Amino acid sequence: MTPPSAYGAGHRLARHFFLDKDVVRMARALLGIYLVSEFEGRRTAGRIVETEAYRGPDDKASHAWGGRRTARTEVMYRIGGTAYVYLCYGIHHLFNVVTGPENMPHAVLIRALEPAEGIEHMLRRRGLPHLQYRLTAGPGTLSQAMGIRTEHSGIDLTAPQSPIWLEARQPPLPANQIVSSTRIGVGYAEECAKWPWRFYIKNNPWVSKK
DNA sequence: CGAATGATCGGCT
DNA sequence: GCCGATCATTCGA
């Protein structure tokens, strides 16, 4: 896994981090990781505190359920470390990290961040006057705060020039700091709706819902 | 080509 | 707690 030398700000997570075939384990591993963006010199960063796993072909809640391949979902079949961003309810740009080897359409939805850098840029993008949980607690709000849009779908998060990337600034979280629950907003997915594939950091106030 | 549908959010009752 | 916003995507005719 990630060697100790990879910890610290300024070190982009490399390809091998994203290749675990178990997307549920990846959703846990992404907790505590920092999501960073830089557009036109404006850097923003936040610590991932909430995620959800979407497991390709056998998960009815996944856009790749049944092995569906469409123009939109094609990037889900790329190698782990690719960004998958799609528009939800015509308004919200939801950011996912594609995980696993090529042709395995697994993705982890990033649902909430604890703001860390560039909070003034985040506030401006969100149209908020001061720091509050509404800034980045929720998948649509965090994408807006970070400047992430559907046009970024398909970018390689591990590329040296990518405007969006991930950093491990601290060791992995101990298991007793992670809480799991059912995923949000997937009631239509029948039996898959019961799978406890939402994960969040225990007692963290930036988590989107109770 | 038309119609239905969201992996949500924020304002209002 | 309820509900409307708003549009790319998908599927069926």
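Keep in mind the model is a prediction, meaning the values are calculated, not measured. In the text below, chain A, chain B and the rest are named by the order of the sequence lines, each starting its count at 1.
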Separation of atom [atom1] in [X] from atom [atom2] in [N], rounded to whole Å:
X	N	atom1	atom2	result
A:Q132	B:dG10	CD	C1'	11 Å
A:M76	C:dT10	CE	P	11 Å
A:L87	B:dT5	CG	P	18 Å
A:L94	C:dA8	CG	P	15 Å
A:Y86	C:dT9	OH	P	12 Å
A:E74	C:dT9	CD	P	14 Å
A:R125	B:dC9	CZ	P	17 Å
A:I110	B:dT8	CD1	C1'	16 Å

Any side-chain N or O of [X] below 4.0 angstrom from OP1/OP2 of [N]?
X	N	result
A:Y89	C:dG4	no
A:T70	C:dT9	no
A:R72	C:dT10	yes
A:R68	C:dC11	yes

Ion pair check, [X] and [Y], cut-off under 4.0 Å:
X	Y	result
A:R55	A:D22	no
A:E50	A:K209	no
A:D59	A:R183	yes
A:R69	A:E74	yes

Is a donor on one side and an acceptor on the other found under 3.5 Å between the side chain of A:T51 and the backbone of A:A27?
->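 It does hold such a pair.
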Exam field: side chain A:R126 to backbone A:Q144, donor-acceptor pair closer than 3.5 Å | no
With both distances under 3.5 angstrom, what nucleotide forms a Watson-Crick or G-U wobble pair with C:dT6?
->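 Its partner: none found.
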At what distance, to the nearest 0.5 angstrom, does CE of A:M122 lie from CZ of A:R124?
-> 12.0 Å
Base, sugar-phosphate, or nothing: which does A:L109 touch, judged by heavy atoms less than 4.0 Å apart?
->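 Touches a base.
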Which part of the nucleic acid does A:I91 contact within heavy-atom distance under 4.0 Å: base, sugar-phosphate only, or nothing?
->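 Base, at least one base atom sits under 4.0 Å.
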Taking B:dA7, C:dT10, B:dG11 as options, the one with an atom nearest any side-chain atom of A:R134 is B:dG11
Where the side chain of A:C88 is concerned, which of C:dA8, B:dT8, C:dT10 is the nearest nucleotide?
-> B:dT8
Heavy atom of residues 135-144 of chain A under 4.0 Å from DNA chain B: which residues?
->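 Within residues 135-144 of chain A, the residues near DNA chain B are A:G138, A:P139, A:G140, A:T141.
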Is there a residue in residues 51-64 of chain A whose heavy atoms reach under 4.0 Å of DNA chain B, and which residues are they?
->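 A:Y54, A:A61, A:H63 - these, ordered by number, are the residues of the stretch whose heavy atoms sit under 4.0 Å from the strand.
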Flag side-chain contact, heavy atom, 4.5 Å: A:N204 against A:E114 |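 A side-chain contact under 4.5 Å exists here.
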Residues, nucleotides or ligands: over 12 heavy atoms within 6.0 Å of A:E191 CD |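 Yes, CD of A:E191 has more than 12 neighbouring heavy atoms, counting only those of other groups under 6.0 Å.
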Assert: residue with more 5' nearest nucleotide on DNA chain B, out of A:R126 and A:G90, is A:G90
Is the gap between the ring centers of A:Y86 and A:H63 under 6.0 Å?
-> yes
